[in-house]
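All remarks here apply to the structure that follows.
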Amino acid sequence: MKSPFDDIDFDPEILGPEEEQRRSLREKLVRTTRKAARQIPFMEDVVAGYYCALDPATPTKVRAAALAALAYFVLPIDVIPDFLLGVGFGDDAAILMTTISMIRSHIRPEHIGAARETLETGELKD
């Protein structure tokens, strides 16, 4: 099976092995999603975008855009620090909303179903 990172040119020498990249993104996304769930009303779309980015059927450019937005969302270095109550996730939300509107046509029902399950259980599926 083709990896979601195959066509995006992530350099394993810089970012580490692919499995480590996926695990790290998954762990950070779960942690950040829990913190931001009350502040970002479209969290289901964010998690569906994650599943869309991992889907090998999703075009490479769409996967790259979704992964870049998710990386910005989970990275601790930010334009506006996320710990500032009320405004901390504002810049993240703007980037995520823009990216989701760009990739919405590629988010399929199975991505949305997986996102709903993730939000219910708190666990991301591979």
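Just so you know, residue 1 is the first one in the sequence shown, and it goes up from there.
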- Message: Set out, in order, the CA-CA distance, both residues' side-chain angles and the distance that settles side chain to side chain contact (heavy atoms under 4.5 Å, CB included) for Tyr51 and Thr118, then state yes or no.
- Response: CA-CA 10 Å; Tyr51 287 113; Thr118 294; 2.6 Å; yes

- Using the test side chain to side chain donor-acceptor pair (under 3.5 Å), find all partners of His106 that sit at least two apart in sequence or belong to another chain. none

Least distance between heavy atoms, [X] atom then [Y] atom:
X      : Y      : result
Ile95  : Ala69  : CG2-CB, 4.1 Å
Ile103 : Gly49  : CD1-CA, 4.2 Å
Ala48  : Ile107 : CB-CG2, 3.8 Å
Tyr50  : Leu70  : CA-CD1, 3.5 Å
Arg63  : Asp55  : CD-O, 3.4 Å

Calculate, to the nearest 0.5 Å, the distance between atoms [atom1] and [atom2] belonging to [X] and [Y] respectively.
X      : Y     : atom1 : atom2 : result
His111 : Thr58 : NE2   : OG1   : 4.5 Å
Leu96  : Phe73 : CG    : CZ    : 6.0 Å
Asp45  : Cys52 : CG    : SG    : 11.0 Å

